[in-house]
Protein chains: 2
Amino acid sequence: MQRPFLHPPAEAIRLESVLYALADPVRLEIVRRLVTGDCPLNCSTAAPAHLPKSTQSHHFQILREAGLIQSERRGTEVVNSLRLDEIEAKFPGVVAAILKAAKPLKCPDAEKSGS
Amino acid sequence: MQRPFLHPPAEAIRLESVLYALADPVRLEIVRRLVTGDCPLNCSTAAPAHLPKSTQSHHFQILREAGLIQSERRGTEVVNSLRLDEIEAKFPGVVAAILKAAKPLKCPDAEKSGS
DNA sequence: TCAATAGTTCGATAATCTTGAACTACGGGA
DNA sequence: TCCCGTAGTTCAAGATTATCGAACTATTGA
């Protein structure tokens with residue numbers, strides 16, 4: 001068994017880790033996609049498609065360890081969801097303000113939904 | 001002349017850089033001290049005292065390049081001030097929420113103001 | 001001019017990020 | 001049940017970045 005996902009309890013979530021996780025354009029985009037909910041939540045679809053799988057996995061690990069997302073194996077894929085309530089309870093307004101200020105990432109994903 | 005300080009114009013300030021700058025406990029503490037204004041604003045007093053000067057300088061450079069602070073030589077010391085208005089205009093509520101959520105850094109600075 | 005103070009720059013080591021390659025886990029046939 | 005395809009993880013190596021002592025620069029004051 002691949003070691004199960006490690007999720008920090010709410011008390012252990014640190015502001016610095018949350019900020020660090022969101023300080024990367026790719027991870028910020030992942031969180032943005034998860035919160036808008038306009039796409040399935042597995043890793044491949046939530047991450048920019050042009051990235052290697054290993055890099056995607058690394059970013060999800062950081063988001064997980066920061067306490068921003070929760071990952072759960074569902075069949076062959078991993079379903080990710082945001083832990084917005086817990087983060088909001090600990091750091092009111094932080095993630096909301098960041099997401100409001102975040103612009104969609106410009107990347108080779110650009111599908112038909114042109115700007 | 002030591003090359004003068006580089007400050008990005010407001011338009012060039014990126015959310016990711018701001019978050020990255022604030023994701024470090026030391027830098028978050030520096031910003032916290034600058035905003036409470038309960039101490040002079042030069043580098044040595046704004047940074048945790050136990051840190052080597054070179055490390056302090058590095059942190060101030062990152063804060064500067066992120067657009068969070070403005071540095072100006074005043075005699076033999078460097079005076080730092082926050083660019084809160086510009087950041088607030090670009091990313092409303094972000095820094096305010098972060099500062100509200102930030103706890104004072106526990107460090108060997110601990111003066112008589114015991115917890 | 002000399003010494004002291006406040007920061008910066010340099011150089012080396014350590015830690016972290018990125019990515020290809022190999023591996024693990026699960027589901028679907030035949 | 002065995003084999004294959006899909007979805008992610010883990011490993012290893014090179015590239016970035018952080019930390020900190022040592023040397024350097026800038027400014028003030030005696």
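Within every chain, numbering begins at 1; the chains are lettered A, B, ... in the order of the sequence lines, protein sequences first and strands thereafter. Scope of the values below: all heavy atoms of this structure, side chains included, with no hydrogens, waters or symmetry mates.
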Do the charged groups of A:Arg74 and A:Glu77 touch, with an N to O distance under 4.0 Å? no
Counting N and O atoms only, with roles assigned by atom type, does the side chain of B:Arg73 sit under 3.5 Å from a partner on the main chain of B:Phe5, one being a donor and the other an acceptor? no
Kindly say whether A:Leu41 contributes a backbone atom to a donor-acceptor pair with the side chain of A:Asn80 at under 3.5 angstrom? yes
Minimum heavy-atom distance A:Ile69-A:Arg83, with the two atoms named: O-CD, 3.7 Å
Short side-chain N/O contact to D:dT17 OP1/OP2 from A:Tyr20, under 4.0 Å: no
Rounded to whole Å, the CZ-P distance (B:Phe5 to D:dT25) equals 16 Å
5'-most contact on DNA chain D (nearest-nucleotide basis), B:Arg27 vs A:Val79, goes to A:Val79
Every protein N/O lying under 3.5 Å from an N/O of nucleotides 27-30 of chain D:
none

Is there a donor-acceptor contact under 3.5 Å from the side chain of B:Thr36 to the main chain of B:Arg32? yes
Nucleic acid contacts - residues 58-66 of chain B versus DNA chain C, non-hydrogen atoms under 4.0 Å: B:Arg64
Nearest-nucleotide pick for B:Lys53, side chain only, options being C:dG7, D:dT19, D:dG8: C:dG7
Looking only at heavy atoms, what is the nearest atom pair of A:Leu19 and B:Leu22, with distance? CD1-O, 3.5 Å
In whole Å, I'd like the distance from the CG atom of A:Leu51 to the P atom of C:dG20. 10 Å
Can you tell me if the side-chain N/O atoms of B:Ser54 get under 4.0 Å from OP1 or OP2 in D:dC20? no
To the nearest angstrom, the CD-C1' distance between B:Glu77 and D:dT25 comes to 16 Å
Assess whether a salt bridge exists between A:Glu86 and A:Lys90, defined as any Lys/Arg side-chain N lying under 4.0 Å from an Asp/Glu carboxylate O. no
Kindly point out which of D:dG8, D:dT19, C:dT18 is positioned nearest to the side chain of A:Asn42? D:dG8
I'd like to know if the side chain of B:Gln70 reaches the main chain of B:His7, judged simply by a donor and an acceptor atom lying under 3.5 Å from each other, with no hydrogens or angles considered. no
B:Ser17: what forms a side chain to side chain contact (heavy atoms under 4.5 Å, CB included) with it, not counting sequence neighbours? B:Arg14, B:Ala66
Within the pair A:Ser57 and D:dT9, is there a side-chain N or O less than 4.0 Å away from OP1 or OP2? yes
Atom CD of A:Gln56 to atom P of C:dC17: distance rounded to whole Å? 16 Å
